[in-house]
Number of protein chains: 2
Amino acid sequence: MLKLYEESGKMALGSRLRQFGESLGAEAEKVYQLYGVQMDPKWFPVFFMLKDGSCMSITALAEAIGHSHASVSKIVKEMTKAGMCCSEKVPGDGRVNQVCLTEKGKQQLEKFQRQSGDVEAVVQDLLAQSQNDLWEAITEFEYQLEEKNLFSRIKEKHQSREQAKVKFVEFEDKYAKAFSDLNYEWIGKYFDVEESDRVMLDAPREYILDNGGYIAMALYENETVGTCALIKHSDERYELAKMAVDDSAKGLGIGYLLGLHMLEVANKRGGKSVFLESNTKLTPAINLYKKMGFQRIVGEPSPYARCYIQMEVSV
Amino acid sequence: MLKLYEESGKMALGSRLRQFGESLGAEAEKVYQLYGVQMDPKWFPVFFMLKDGSCMSITALAEAIGHSHASVSKIVKEMTKAGMCCSEKVPGDGRVNQVCLTEKGKQQLEKFQRQSGDVEAVVQDLLAQSQNDLWEAITEFEYQLEEKNLFSRIKEKHQSREQAKVKFVEFEDKYAKAFSDLNYEWIGKYFDVEESDRVMLDAPREYILDNGGYIAMALYENETVGTCALIKHSDERYELAKMAVDDSAKGLGIGYLLGLHMLEVANKRGGKSVFLESNTKLTPAINLYKKMGFQRIVGEPSPYARCYIQMEVSV
DNA sequence: CTGAGATGTGTAACTAGTTACGTAACTGGT
DNA sequence: ACCAGTTACGTAACTAGTTACACATCTCAG
């Protein structure tokens with residue numbers, strides 16, 4: 001095993017797979033020669049798909065063998081030149097180019113079958129002697145990645161580690177600027193800032209906290225990266241509002257954590273339900289609310305011109 | 001799984017490995033981006049080998065990561081241009097170019113370590129959930145191939161199947177031409193044909209069979225592809241001579257089978273030992289005899305000018 | 001000490017794939 | 001009937017590696 005793989009750990013799995021696959025493939029040409037099959041190893045996948053005499057289009061071949069159509073197009077061109085296959089336009093559809101083996105191509109079949117039988121037997125043998133069956137291992141790994149690909153898994157890991165660095169703290173006056181800045185930022189991005197916004201953002205203590213509300217600040221490595229407010233409408237009913245997360249911290253799922261934190265606070269304060277008003281235009285936000293458990297309701301008309309949707313959740 | 005792999009069986013293992021490895025690698029760039037590591041994924045192996053601050057030559061790097069030195073040379077050139085590493089001639093030896101990370105390169109390390117930790121954990125997790133551990137499976141497979149590579153194994157399989165088609169029959173007059181042709185062919189290739197050759201080859205019945213000897217012909221798909229003679233020197237002592245295999249059938253191990261066949265015949269006829277005379281120049285032949293059990297002896301001087309070695313085996 | 005062969009590196013040309021793009025043919029809604 | 005979008009294909013340009021070759025430097029036997 002290469003020094004790299006000894007030291008790198010399994011993070012280099014992809015690299016190792018590719019390299020090992022290539023080293024196996026390197027022997028292929030000698031094998032073809034041994035059996036007298038007059039074929040370039042890279043033709044193998046195309047040849048194999050056509051070997052039972054069927055005709056296939058370029059695209060169908062590409063799909064079946066996992067290459068780009070461009071690659072298949074080139075391979076077919078070479079094979080045609082070597083007299084191994086031929087192609088013709090299919091009558092019904094002037095676009096598709098149907099490819100099939102020529103007689104000469106079919107003549108390779110007998111030798112090829114002998115070869116593939118032997119190779120199969122050798123590989124089968126090697127696999128059987130291993131504790132971990134390489135073929136099955138790939139199948140299993142691929143299957144797992146089909147459910148959720150590698151990148152998503154890594155992203156989740158990344159996110160959950162980063163989220164551990166996020167803390168939520170109660171509003172203090174020193175956060176007043178951060179609170180308004182974060183909100184002005186996103187409101188200005190999608191709408192015009194309205195008077196009703198300005199009032200609350202500039203005097204949160206007066207309009208939110210003193211009326212029994214609550215404001216949380218999200219801190220990430222001691223930077224304020226998000227904020228959210230609970231406005232008290234009655235002892236049992238709070239409004240979730242002024243949620244804002246800075247672009248620099250997007251993608252860490254801070255919004256979600258912040259939201260859950262707010263629901264928890266509402267619950268602790270005796271709230272039974274939390275509602276919010278938003279705009280269907282803000283798809284990511286709406287999805288976030290849904291994920292938090294909010295469901296659309298028909299509520300009383302809102303003083304905000306941009307409000308088209310109301311949602312609620314019990315806590 | 002692709003249709004190709006479903007149908008092809010495990011003969012396409014190499015192809016599948018490479019393809020799967022590539023598909024994993026394709027996600028790498030996004031991962032680097034996610035963690036803010038300013039690095040081209042293809043730099044990874046070089047970066048990794050240098051990450052502990054050590055200096056390495058191009059060739060040493062190439063060896064460690066399993067690339068050609070040319071590839072490493074290109075990667076280092078790119079990394080140098082990006083300011084990630086630098087290289088300088090080593091004082092003792094004007095040829096070697098020692099490469100190490102720059103400060104900027106080392107700055108990537110922290111982020112890289114975070115990333116590799118997460119990736120490692122995710123892959124480890126996936127492997128642990130599989131019945132067949134992909135990483136271990138490759139290690140095992142590689143280990144097996146180290147002992148004997150894939151091509152050798154296939155060749156053996158091929159050979160043993162082809163050998164089943166070889167039959168040995170006793171000399172008849174209809175084989176007289178084949179017997180002499182096969183021998184003249186190889187003798188002429190290495191030496192001048194001598195009178196003592198001519199006598200026996202042209203009248204095998206008289207000089208070999210009638211004196212209690214034996215001649216076998218090797219048939220492969222009804223073609224005579226080889227021959228060999230036993231010359232009786234005494235009731236217990238035979239000479240193996242006139243062994244010839246046609247070029248068209250080389251590589252199938254026919255010589256070996258033919259030799260064993262002759263020893264068997266000698267044994268059945270009451271022989272206790274078989275000797276032969278040959279020339280050290282004919283390395284493949286000598287190796288073949290060794291494989292059959294023959295050992296070098298010092299014997300009586302031979303009438304053949306080309307004979308430099310005598311070998312014997314008990315049967 | 002000197003010349004033949006080995007070693008280390010860089011560059012050029014090749015290889016087996018890819019993505020990007022252009023063109024022609026088909027399809028489906030008005 | 002038509003045109004906007006989709007599909008099939010081929011070609012060109014790119015990519016990440018390779019092998020082949022050129023060249024400088026080193027090593028060591030005579």
Side-chain angles (χ1 to χ4, degrees), chain A residues 2 4 12 14-29 39-47 55-81 85-99, chain B residues 2 4 12 14-29 39-47 55-81 85-99:
Chain A
L2 291 174
L4 172 66
S15 187
R16 195 177 175 201
L17 280 166
R18 191 171 36 73
Q19 218 163 34
F20 186 48
E22 247 156 46
S23 83
L24 291 187
E27 303 191 84
E29 191 164 357
M39 223 173 36
D40 191 320
K42 79 176 172 210
W43 298 350
F44 158 72
V46 169
F47 179 79
C55 290
M56 292 179 76
S57 72
I58 300 281
T59 316
L61 279 167
E63 186 118 337
I65 73 177
H67 283 194
S68 63
H69 81 268
S71 166
V72 174
S73 182
K74 278 194 283 191
I75 290 172
V76 166
K77 201 171 157 190
E78 279 184 46
M79 287 177 72
T80 304
K81 199 175 162 194
C85 71
C86 60
S87 58
E88 52 175 7
K89 292 276 170 197
V90 65
D93 190 331
R95 293 166 303 175
V96 324
N97 208 355
Q98 261 192 329
V99 185
Chain B
L2 290 173
L4 172 66
S15 185
R16 193 175 178 203
L17 280 166
R18 191 172 35 73
Q19 218 164 33
F20 186 48
E22 247 155 47
S23 82
L24 289 188
E27 303 189 84
E29 191 164 356
M39 223 173 38
D40 191 320
K42 79 176 171 211
W43 299 349
F44 159 72
V46 169
F47 179 79
C55 288
M56 292 178 77
S57 72
I58 300 282
T59 316
L61 279 167
E63 186 117 337
I65 73 176
H67 283 193
S68 63
H69 81 269
S71 166
V72 174
S73 183
K74 278 194 283 192
I75 290 172
V76 166
K77 201 171 156 190
E78 279 184 47
M79 287 177 73
T80 304
K81 198 175 160 194
C85 71
C86 60
S87 58
E88 53 177 4
K89 292 276 170 199
V90 64
D93 189 331
R95 293 167 302 178
V96 325
N97 209 353
Q98 263 192 328
V99 185

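Just so we're on the same page: letters track the sequence lines, and every chain starts at 1.
- Not one side-chain nitrogen or oxygen of S57(B) sits closer than 4.0 Å to the OP1 or OP2 atom of dG8(C).
- Heavy atoms only, all atoms of each residue included: V90(A) and Q98(A) are closest at CG2-OE1, 3.9 Å.
- Distance from the side chain of V96(A) is smallest for dC9(D) among the nucleotides dG17(C), dC9(D), dT9(C).
- Between Q98(B) atom CD and dT7(C) atom P there is a gap of 19 Å when expressed in whole angstrom units.
- As a whole-Å value, the separation of E29(A) CD from dT15(C) P is 11 Å.
- Atom CE in M56(B) sits about 13 Å away from atom P in dG8(C), given to the nearest Å.
- In this entry the distance linking CD1 of I58(A) with P of dT23(C) reads 20 Å, nearest Å.
- Considering only side-chain atoms of K77(B), the nucleotide from dG17(C), dT11(C), dT9(C) that sits closest is dT11(C).
- For dT9(C), one of the phosphate oxygens OP1 or OP2 lies less than 4.0 angstrom from a side-chain nitrogen or oxygen of T59(B).
- Contact annotation: S73(B) does not reach the phosphate of dT9(C) (side-chain N/O to OP1 or OP2, under 4.0 Å).
- With a 6.0 Å radius and a threshold of 12 heavy atoms from other residues, nucleotides or ligands, K77(A) has its NZ atom at or below the threshold.
- No engagement by G25(B) is indicated, since no non-hydrogen atom pair under 4.0 Å with the nucleic acid exists.
- Rounded to an integer number of Å, the gap from I75(B) CD1 to dT15(D) P is 14 Å.
- Counting all heavy atoms, side chain and backbone alike, S57(A) lies closest to V96(A) at CB-CB, 4.4 Å.
- Atom CH2 in W43(A) sits roughly 13 Å away from atom P in dG17(C) (whole-Å rounding).
- What separates CE of M79(B) from C1' of dA16(D) is a distance of 16 Å, to the nearest Å.
- When distances are taken from the side chain of R18(B) to each of dG10(C), dG17(C), dG17(D), the shortest belongs to dG17(C).
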Could you go through residues 61-74 of chain A and list every donor-acceptor pair under 3.5 Å that involves a side-chain atom there, pairing it with any protein atom two or more places apart or in another chain?
| residue | atom | partner | partner atom | Å |
| --- | --- | --- | --- | --- |
| H67(A) | ND1 | S71(A) | OG | 3.0 |
| S68(A) | OG | S71(A) | N | 3.2 |

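- We find that CD of E78(B) is positioned 14 Å from P of dG10(C), with the value rounded to whole Å.
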Using a 4.0 Å heavy-atom cut-off, write out nucleotides 18-25 of chain D from 5' to 3' as B (base contacted by protein), S (sugar-phosphate only) or - (no contact). BB-----B
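- Between K42(B) and I75(B) the shortest heavy-atom distance is O-CD1, 3.6 Å.
- For CD of E29(B), the number of neighbouring non-hydrogen atoms (other residues, nucleotides, ligands) closer than 6.0 Å is 12 at most.
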Test M79(A) against V99(A) for side-chain contact (heavy atoms from CB on, under 4.5 Å), laying out the working first. CA-CA 10 Å; M79(A) 287 177 72; V99(A) 185; over 6 Å; no
